[in-house]
Amino acid sequence: MISPTIMLRRPSSVYRYFAPAVVLVMVVYWYILTPARIHIATGALTSTAAQLQHMHVANYHTPGRIGQIPVGLQHTKGKPHKGHKTQRPHPIEELVGKAQTTFNNLLARQTYSLNGTAAAYRERRGRHPPPGFDLWYKYAADNNVLIVEDFWDQIYDDLQPFWGVATQQLRHDTYNFHMKISVRNGSASTTSDWFWTQTWLEMIRKVEHMLPDMDIPLNAMDEPRMVVPWEDMREVLDRAGAASGTRDTRTKETNNVVTGYQQLDPDLSKDVAEPQDIVWETAGPYWDILRRGCDPESATRQVPSVTDFHEAPPIRHNYAQAHMQRGFVVNTTLASDICHQPDIQTLNGIFIEPLTISTTKKLFPLFGGSKLSVNNEILLPAPAYWRNDARFSIAADSRANSIAWEDKVNGSFWRGVATGGRNRPDNWRGFQRHRFVAMNNATALAAQGRSHNIDKSNELAAWVAASSDCAFVDLFCDTDSKVASACPYVDPHYAVAKGRPLSEQVVYKFLPDIDGNSFSGRYLAFLRSGSVPVKATVWREWHDQRLVAWKHYVPMDTRFSDWFGIMEFFVGRGGRHGRDDLAKRIAEDGGAWAERVLRKEDMQVYVLRLLLEYARVLDEKRERMGWVDDLQ
Ligand SMILES: *[C@@H]1O[C@H](CO)[C@@H](O)[C@H](O)[C@H]1NC(C)=O
Ligand SMILES: *[C@@H]1O[C@H](CO)[C@@H](O)[C@H](O)[C@H]1NC(C)=O
Ligand SMILES: *[C@@H]1O[C@H](CO)[C@@H](O)[C@H](O)[C@H]1NC(C)=O
Ligand SMILES: *[C@@H]1O[C@H](CO)[C@@H](O)[C@H](O)[C@H]1NC(C)=O
Ligand SMILES: *[C@@H]1O[C@H](CO)[C@@H](O)[C@H](O)[C@H]1NC(C)=O
């Protein structure tokens, strides 16, 4: 093992490339994003440099962690480390190989018959499938849906807590929620004309004839709204686990199984329990609301909340270690979990200052399109994926759909609005889109490098200029100005570029996908585009279990410290060739998979499964309900 101190004294070929990049990344965060130009002018450069050096050591070169350096530049192809006889493959090659295995294992669990699917269900869920499972299966088969029981894991994570809540309470809470879709007598309706609600109604209407009666409360805000304290959730889950007997009775018992659903009155006000009002918190800090959803032992509960977002946020790679492997994301579920990474409270607009806060501690069924790891919403496919808006999809007849990989531009492209939350003069520096655009600004990189005497900064800047084109199309400024470009506090740092339709964006091979106010609605279009989505997100969505990172898309840490490493690996740098072949394969595999398992039909089948399960959990007789025709 090469010791960090030796590396610092005697730069190896590895370090020669790696160090300037690390320092430059730090410079971007520390300098471009700090209000500290004035420091430099007044001679505080040395202390800034000392701080950089400090962070450099603290965050990148902790002894024993050299193999997990967060920028992938050290693994130069064809240049074995001194003293190592055989070279370990580049970390991305390892991750791509591992993803193929994960994907093969997933496919190996595919089922092809009702009986086989029911057996896989009992095996994975530990209870009988819900009544109507045969209809669900037929609907899925008729729609040529690929069935792997894992694909519906999210449903069970989302619904499990409600087995610990009394059914009468659930019926009450869902019936009384102001924004809802109701199903009665096989027909879905709503009193709301909000376009998201209307979109969800359209989705649910596709399967309404197979649905039992239920009320479906909807969250029509961008932000998720429910964070049950971890301690309360623990109790609810204990009750839920205890509720329905042993696994054996739940999967083997065939006598006394109730095979139909309750019917609900159109008006439930007689049936329901005492009103229990939902209290909405409308004031932040939002991080304090969110972190109550974490285990008290977790880093996020232990590390104090940040209240001052004035300075550029420090990047703490030690908190990313758990979900990274040799500098790149290895576990995307964990990467989007906020409980082990308290530093991300300063790295994403949703944590710094969301547009709207309206959150409750109370557990009741609330459906939404995306959520954070600590939220308790039930996920539906987001309206953005259902509607054919130009903002979120490319028309089927567009020529953009048929551009060959070889004809695409060898580089990355991003355009978007400076969303993420409410950016202000004293908090914008940590916003994810601001950070990402700044990192890809070659002009700024070159200027900062020069002023810090960083060797090779021009090379990095030139490479970024050649391989990346990222800009805001609207600064989403916190002023009354109606002119998009007039935003005094960020104008010196960002230019406003012309927007480009998705059909022009997909001309580029690499499409970074950066969260906005919540999840990024263009993700599905990116997956289908024939280009490679490079996705950094803290959001959970309905489709997470059916997409395999490094097989169908490239995952990126929310700190973006792997970004240059990812691009260097795929496009090449400084005369070294990139793995264009692997990028092409990911683009093709992701596109084909999206056509196979992310179609509207797949969403419909997800919604039908979800709502059958949901109706069971609302049902008085839920513990005895099931579909057991295959066992009789
Ligand atoms: C459902 O059908 C029953 C009987 O056909 C009828 O009494 C009831 O009003 C209907 N409910 C709704 C919500 O239409
Ligand atoms: C990813 O992390 C989660 C949460 O810690 C864990 O349950 C899961 O097994 C991990 N997945 C893999 C593939 O290691
Ligand atoms: C890049 O940074 C410079 C300042 O360093 C700024 O003037 C320019 O507008 C930025 N470009 C973009 C595309 O944001
Ligand atoms: C792609 O772009 C990068 C960066 O400009 C360059 O180093 C590489 O040689 C290019 N690859 C191809 C195949 O053109
Ligand atoms: C499914 O199970 C039922 C009941 O055991 C049986 O009659 C039927 O033949 C099975 N179907 C298939 C396709 O295995």
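Residue numbers run from 1 in the order of the sequence given. Counting starts at 1 for both ligands and their atoms, following the listed order.
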To check your reading of the model: name the closest protein heavy atom to [atom], its residue, and the distance in Å.
| atom | result |
| --- | --- |
| atom 4 (C) of ligand 2 | L334 CD1, 3.8 Å |
| atom 11 (N) of ligand 4 | N410 ND2, 2.8 Å |
| atom 7 (O) of ligand 4 | G572 O, 3.7 Å |

Are the side chain of Y553 and the backbone N or O of Y523 linked by a donor-acceptor pair below 3.5 Å?
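No, because the side chain of Y553 does not come within donor-acceptor range (under 3.5 Å) of the backbone of Y523.
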
Atom 9 (O) of ligand 2: protein heavy atom closer than 4.0 Å?
no

Below 4.0 angstrom, counting only protein heavy atoms, does anything approach atom 13 (C) of ligand 2?
no

Residue R124 excluded, over 12 heavy atoms near CZ under 6.0 Å:
yes

If you take the nearest heavy atom of each of D337, T333, N331, V330, which one is closest to atom 6 (C) of ligand 2?
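Closest candidate by heavy-atom distance is N331.
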
Please work out which of the three classes, parallel, tilted or perpendicular, describes the rings of Y156 and Y121, given edges at 30° and 60°.
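Rings of Y121 and Y156: perpendicular, over 60°.
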
When the ring planes of W428 and H434 are compared, do they come out parallel, tilted or perpendicular, using 30° and 60° as the limits?
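Tilted: the ring planes of W428 and H434 meet at 30° to 60°.
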
Does some side-chain heavy atom of D580 sit less than 4.5 Å from a side-chain heavy atom of W405?
yes

With ring centroids as reference points, do [X] and [Y] lie under 6.0 angstrom apart?
| X | Y | value |
| --- | --- | --- |
| H340 | H323 | yes |
| H543 | Y606 | no |
| F436 | W563 | yes |

Polar-atom distance check: N441 versus ligand 3, any N or O pair below 3.5 Å?
yes

Please check whether A471 reaches ligand 3 - meaning an N/O of the residue sits under 3.5 Å from an N/O of the ligand, judged on distance alone.
no

Ligand 3-proximal atoms of A447, by part, heavy-atom distance under 4.0 Å:
neither

Between R316 and D343, is the closest basic N to carboxylate O distance under 4.0 Å?
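No, this pair does not count.
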
Quick one: does P492 get within less than 4.0 Å of ligand 3, heavy atoms only?
yes

For V571, take its heavy atoms, then give the atoms of ligand 4 lying under 4.0 Å from any of them.
1 (C), 3 (C), 6 (C), 8 (C), 10 (C), 11 (N)

Taking only heavy atoms of A466, which atoms of ligand 4 are found under 4.0 Å from at least one of them?
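Answer for ligand 4: 5 (O).
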
A444 heavy atoms within 4.0 Å reach ligand 3 at atoms 2 (O), 5 (O)

